[in-house]
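Let me begin by presenting the structure, written as structure tokens, before commenting on it.
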Amino acid sequence: MEEGSRTPIFAAKMRQIKFTKTGLEEIQNEHDKLLSERPNAVKELVRARELGDLSENGLYHAAKARLRSMDSQLRRMSNQIKLAKVVPSKKILVEQDSPPRLAGEAGKRIIYEIVGDFEADPSQNKISANSPIGSSLIGRKPGEEVVILTPKGKLTLKILKSD
């Protein structure tokens, strides 16, 4: 290999992180809030350091750990913001066939919102586009039936409405 022909690791194309507009705004607000709290954490560390013997100064160690945690969170959020790609949120109304199903009984209706990976919250039916359910629902039209293999077994969903 010729000198200078190697691509540095940091020059490799980084993967974009998908966020809805709301999700990106939330992480930006959280980043700004944490950034505004950082100066107070630094002052607290300085005050604790002035108390003397650092080896047995619990306040100093706690302040140092808090600042380290804040810096770590700020780096993570900065990278997420830098790599963010805004995608539209998609809501899909489905009917879940919940066995055993009695003749003539309608299944459970659920509205799934397909969002970015970091916004997913299954308890609120916000699912990642990369999840088994999310990826199976994307691009489907009303009337289609989708069978998804999950750890709990087969899940059958019928698309009722998609925006």
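The shown structure was predicted, so the numbers you read here are calculated from the model rather than taken from an experiment. FYI, the numbering just counts along the sequence from 1.
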For side-chain contact (heavy atoms from CB on, under 4.5 Å), just list the numbers for Ile114 and Ile127, CA-CA rounded to whole Å, side-chain angles, deciding distance to a tenth of an Å, and then say yes or no. CA-CA 5 Å; Ile114 299 176; Ile127 56 175; 4.2 Å; yes
Phe118/Gln80 under side-chain contact (heavy atoms from CB on, under 4.5 Å): CA gap, chis, key distance, verdict: CA-CA 9 Å; Phe118 291 96; Gln80 288 174 342; 3.1 Å; yes
Please walk me through it: do Asp71 and Arg38 pass side-chain contact (heavy atoms from CB on, under 4.5 Å)? CA-CA 8 Å; Asp71 287 341; Arg38 191 179 185 284; 2.6 Å; yes
Using side-chain contact (heavy atoms from CB on, under 4.5 Å), reason through Thr156 and Val146 one step at a time and then give a plain yes or no. CA-CA 6 Å; Thr156 304; Val146 181; over 6 Å; no
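If you chain together ILVMFWY residues whose side-chain heavy atoms come under 4.5 Å of each other, Leu51 ends up grouped with Leu59. If you chain together ILVMFWY residues whose side-chain heavy atoms come under 4.5 Å of each other, Leu149 ends up in a group of its own. Through side-chain heavy atoms spaced under 4.5 Å, either directly or across other Ile, Leu, Val, Met, Phe, Trp or Tyr residues, Leu160 is tied to Leu93, Ile111.
Residues satisfying the salt bridge (Lys or Arg N to Asp or Glu O under 4.0 Å) criterion with Lys33, sequence neighbours excluded, are Glu37. With sequence neighbours excluded, the residues satisfying side-chain hydrogen bond (donor to acceptor under 3.5 Å, both in side chains) with Lys90 are Ser162. Scanning for salt bridge (Lys or Arg N to Asp or Glu O under 4.0 Å) contacts around Glu119 gives an empty result, with sequence neighbours left out. Ser89 meets the side-chain hydrogen bond (donor to acceptor under 3.5 Å, both in side chains) test with Glu113; sequence neighbours excluded. Residues satisfying the side-chain hydrogen bond (donor to acceptor under 3.5 Å, both in side chains) test with Arg68, not counting sequence neighbours, are none. Scanning for side-chain hydrogen bond (donor to acceptor under 3.5 Å, both in side chains) contacts around Ser36 gives an empty result, with sequence neighbours left out.
For residues 137-148, every residue pair satisfying the salt bridge (charged side-chain N to carboxylate O under 4.0 Å, His left out) rule, not counting sequence neighbours, is listed here: Arg140-Glu144. Among residue pairs with one or both ends in residues 18-28, none qualify as salt bridge (charged side-chain N to carboxylate O under 4.0 Å, His left out); sequence neighbours excluded.
The CG atom of Asn29 sits 12.5 Å away from the CG atom of Leu34 when rounded to the nearest 0.5 Å. Distance check, rounded to the nearest 0.5 Å: CZ of Arg76 to CD1 of Ile81 gives 10.0 Å.
Residues Leu24 and Ala84 share a closest heavy-atom pair of CD1-CB, 3.6 Å.
Residues Met77 and Phe19 are members of one and the same hydrophobic cluster, defined by side-chain heavy-atom contacts under 4.5 angstrom among Ile, Leu, Val, Met, Phe, Trp and Tyr. Leu157 and Ile92 fall within a single hydrophobic cluster, where Ile, Leu, Val, Met, Phe, Trp and Tyr are joined by side-chain heavy atoms under 4.5 Å apart, directly or via other members. Residues Val87 and Leu83 fall into different hydrophobic clusters, defined by Ile, Leu, Val, Met, Phe, Trp and Tyr side chains chained together at heavy-atom separations under 4.5 Å. No chain of hydrophobic side-chain contacts below 4.5 Å, direct or via other Ile, Leu, Val, Met, Phe, Trp or Tyr residues, connects Ile110 to Val115.
In this structure a side-chain-to-backbone donor-acceptor pair under 3.5 Å is present from Ser78 to Leu74.
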Under 3.5 Å donor-acceptor pairs involving side-chain atoms of residues 130-139, not counting sequence neighbours:
unit_1: Asn130; atom_1: ND2; unit_2: Asp117; atom_2: OD1; d: 3.1
unit_1: Asn130; atom_1: ND2; unit_2: Asp117; atom_2: OD2; d: 3.0
unit_1: Ser131; atom_1: OG; unit_2: Ser128; atom_2: O; d: 2.8
unit_1: Ser131; atom_1: OG; unit_2: Gly134; atom_2: N; d: 3.0
unit_1: Ser135; atom_1: OG; unit_2: Ser131; atom_2: O; d: 2.9
unit_1: Ser135; atom_1: OG; unit_2: Pro132; atom_2: O; d: 3.4
unit_1: Ser136; atom_1: OG; unit_2: Pro132; atom_2: O; d: 2.7

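Contact check on Lys108 versus Glu95 returns no salt bridge, with no Lys/Arg side-chain nitrogen under 4.0 Å from an Asp/Glu carboxylate oxygen.
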